[in-house]
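Chain identifiers are assigned alphabetically (A, B, ...) following the order of the sequence lines, protein sequences preceding nucleic acid strands; residue numbering begins at 1 within each chain.
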There are 2 protein chains.
Amino acid sequence: MATTAALAETAALVGDPARANMLGALMDGRALTASELAGVAGVAPQTASGHLARLAQAGLLAVASQGRHRYYRLASPGVARMLEAIMAVAEAAPRAVRPVVTGPRDAALRAARTCYDHLAGGLGVALADALTERGHVELSADGGVLTDAGAAFLRGLGVTFDGAARPRRGGRVFCRPCLDWSERRPHVAGAVGAALCARCFENGWIRRLDGTRAVAVTPAGRLAFRSVFGIGAFSPG
Amino acid sequence: MATTAALAETAALVGDPARANMLGALMDGRALTASELAGVAGVAPQTASGHLARLAQAGLLAVASQGRHRYYRLASPGVARMLEAIMAVAEAAPRAVRPVVTGPRDAALRAARTCYDHLAGGLGVALADALTERGHVELSADGGVLTDAGAAFLRGLGVTFDGAARPRRGGRVFCRPCLDWSERRPHVAGAVGAALCARCFENGWIRRLDGTRAVAVTPAGRLAFRSVFGIGAFSPG
DNA sequence: GCGATGCTACGGCCACGGCCGAAGCATCGT
DNA sequence: ACGATGCTTCGGCCGTGGCCGTAGCATCGC
């Protein structure tokens with residue numbers, strides 16, 4: 001069976017620590033230069049170059065040359081989903097041998113971060129809880145849906161999603177649940193999650209922290225999340 | 001960041017051809033013995049034993065001793081989803097270098113097969129199309145839902161799903177869409193897909209083909225799929 | 001009890017692949 | 001035009017890990 005060979009090839013690409021570091025750094029959906037990726041991977045530029053070429057050729061990364069820089073990003077949302085799925089399994093693994101001291105940077109990641117195109121961590125889960133509590137979304141392990149009330153609510157916030165993601169013939173707007181690796185609970189992903197996240201950035205409610213996936217809630221955002229969603233403090237862990 | 005190390009470890013486990021063959025053989029949800037898995041992997045028993053021990057320790061496989069046999073199976077649906085996600089990315093890769101002669105066995109797999117606990121391939125997609133056409137389910141890339149009419153329809157067929165999977169407070173029954181690697185289109189997975197698949201086996205509409213994931217449609221099944229779902233012939237490729 | 005079967009543990013062989021130094025091209029700045 | 005920067009290619013070193021032969025332990029059949 002030829003298909004398991006392809007399975008092994010793709011998995012082996014992710015299975016190298018240096019490449020895994022690169023992919024992890026790209027999971028927030030941004031594009032990074034080869035040098036930056038060499039830095040996060042902890043390898044020399046020429047080593048990183050080889051890794052990036054392989055990842056691009058395999059269709060995991062897309063590359064855009066711009067001046068003398070080359071920007072690499074995840075080739076598709078499917079790649080991000082794959083990485084999520086692997087991390088979910090890895091996280092579920094018996095942790096016996098790995099107490100893992102979670103440093104301060106890790107704490108920031110757990111509090112609030114982006115996950116390719118949507119929000120995750122404590123903030124992401126709190127938003128999902130608030131939306132669920134008010135009947136705006138319904139989530140389960142198998143899927144999720146944005147209710148009519150939820151659609152109206154988000155429209156009121158100025159959140160817009162392209163019509164491409166909604167099923168033809170006036171069906172429902174689905175929102176993909178994404179299992180959070182730190183919270184172990186689902187949060188809102190898919191087109192709805194991406195649009196909501198984008199709006200939060202536009203409104204200045206959150207901003208990126210240094211050069212990582214972690215995001216910080218601004219003072220304005222703190223007010224907004226409290227008044228709009230009823231979120232006071234969200235669990236940092 | 002410690003999390004990318006776990007990502008790499010898990011991916012590396014899948015990234016070996018022998019182990020990938022084993023995992024692929026287990027994707028239909030059955031449990032196989034160590035010897036059988038050594039056979040599909042094409043390695044000696046002692047080599048397979050080492051691989052299986054590593055996969056089990058990492059939480060990818062569950063093992064049950066029974067007499068002098070040891071039965072290995074996927075540890076959770078999450079592992080199956082991870083493998084699906086990797087195969088989806090691998091399948092989307094530029095195929096330039098790989099014309100891949102699809103043998104007769106491959107053709108049977110493409111026509112109809114199980115995917116952990118539900119139906120995939122030509123039959124799975126045809127069922128999803130029929131259910132969608134009649135308004136019984138709605139599917140999109142981000143999620144899916146079983147309509148009230150669909151729930152009644154499946155109840156009439158004797159399909160039963162446990163209440164655990166349905167969200168609390170009388171919400172909708174979701175059905176997870178699973179991107180088919182051969183058809184490149186979504187089919188019905190999740191709790192609904194699993195229950196429907198189980199019912200098809202119970203009714204004798206389909207049966208397993210030799211020792212693979214492929215299934216054959218019985219004469220009775222051919223009649224049933226035509227009369228109940230309006231499926232005449234489903235695409236073999 | 002005895003051999004056969006299924007599985008696992010150990011040891012050594014070997015090769016695939018990651019790593020960097022050196023060198024070669026592009027592009028940008030002045 | 002010149003050097004500096006960013007990226008890639010090539011070549012060789014070396015360690016990790018897959019592989020099987022041999023051996024050891026449990027279970028089954030008679």
Side-chain angles (χ1 to χ4, degrees), chain A residues 4-26 30-58 60-73 75 90 97 211, chain B residues 4-26 30-58 60-73 90 93 97 211:
Chain A
T4 57
L7 171 68
E9 270 176 49
T10 303
L13 286 175
V14 187
D16 175 78
R19 288 192 294 262
N21 276 326
M22 293 174 174
L23 292 169
L26 293 171
R30 287 177 306 170
L32 299 179
T33 68
S35 307
E36 291 169 328
L37 290 168
V40 305
V43 296
Q46 61 270 37
T47 302
S49 178
H51 286 314
L52 291 169
R54 290 183 59 183
L55 290 170
Q57 171 155 15
L60 296 198
L61 297 185
V63 55
S65 292
Q66 191 168 318
R68 55 181 163 180
H69 296 279
R70 301 197 73 182
Y71 283 92
Y72 289 90
R73 59 177 174 80
V97 187
Chain B
T4 57
L7 171 68
E9 272 178 45
T10 303
L13 284 175
V14 187
D16 176 78
R19 288 193 293 264
N21 276 326
M22 295 175 173
L23 292 169
L26 293 171
R30 286 179 308 170
L32 298 179
T33 69
S35 306
E36 291 169 326
L37 290 169
V40 304
V43 295
Q46 59 272 38
T47 303
S49 178
H51 285 315
L52 292 169
R54 290 182 60 183
L55 290 171
Q57 172 155 13
L60 295 198
L61 296 185
V63 55
S65 292
Q66 191 168 317
R68 56 180 164 184
H69 296 280
R70 301 198 73 182
Y71 283 92
Y72 290 89
R73 60 177 174 79
V97 185

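B:Arg30 and B:Arg73 get closest at one heavy-atom pair: O-CB, 3.7 Å. A pairwise comparison of heavy atoms in B:Leu61 and B:Leu23 identifies CD2-CD2, 3.9 Å as the closest pair. Closest non-hydrogen pair, A:Thr4 versus B:Ala20, comes out as O-CB, 3.8 Å.
For A:Asp16, counting side-chain heavy atoms from C-beta on, the closest listed nucleotide (D:dC19, C:dT8, C:dC19) is C:dC19. Listed nucleotides: C:dC19, D:dC19, C:dT8. Nearest to the side chain of A:His51: C:dC19. Of the candidate nucleotides D:dT5, D:dC19, C:dT8, C:dT8 has the atom nearest to the side chain of B:Ala34. In this structure, the nucleotide among D:dT27, D:dA4, C:dC20 sitting nearest to the side chain of A:Ala44 is C:dC20. Which of C:dC20, C:dG6, C:dG18 sits closest to the side chain of B:His69 comes down to C:dG6.
For the pair B:Leu61 CG and C:dT8 P, the interatomic distance rounds to 12 Å; values are reported in whole Å. Whole-Å rounding puts the B:Leu13 CG to D:dT16 C1' distance at 14 Å. Between the CZ atom of A:Arg70 and the P atom of C:dA26 there is a distance of 13 Å, given to the nearest Å. Distance, A:Leu52 CG to C:dG18 P: 13 Å, rounded to whole Å. In this structure, CD of A:Gln46 is placed 19 Å from P of C:dA26, rounded to the nearest angstrom. Straight-line distance from the CZ atom of B:Arg68 to the C1' atom of D:dA26: 10 Å, rounded to whole Å. In this structure, A:Arg19 places its CZ atom 8 Å from C1' of C:dG18, rounding to the nearest Å. Look at CD on A:Gln57: it is 15 Å from C1' on D:dT8, rounded to the nearest Å.
When the side-chain nitrogen and oxygen atoms of A:Thr47 are compared with OP1 and OP2 of C:dG18, none of them lie within a distance under 4.0 Å.
Comparing B:Arg54 and B:Gln66, the nucleotide of DNA chain D nearest to each residue sits closer to the 5' end for B:Arg54.
Nucleic acid contact class of B:Tyr71 (heavy atoms, under 4.0 Å, all strands): none.
A:Arg19 contributes a side-chain N or O that, together with a main-chain N or O of A:Leu13, makes up a donor-acceptor pair within less than 3.5 Å. The closest donor-acceptor contact from the side chain of B:Ser49 to the backbone of B:Pro45 lies at 3.5 Å or more, if one exists at all.
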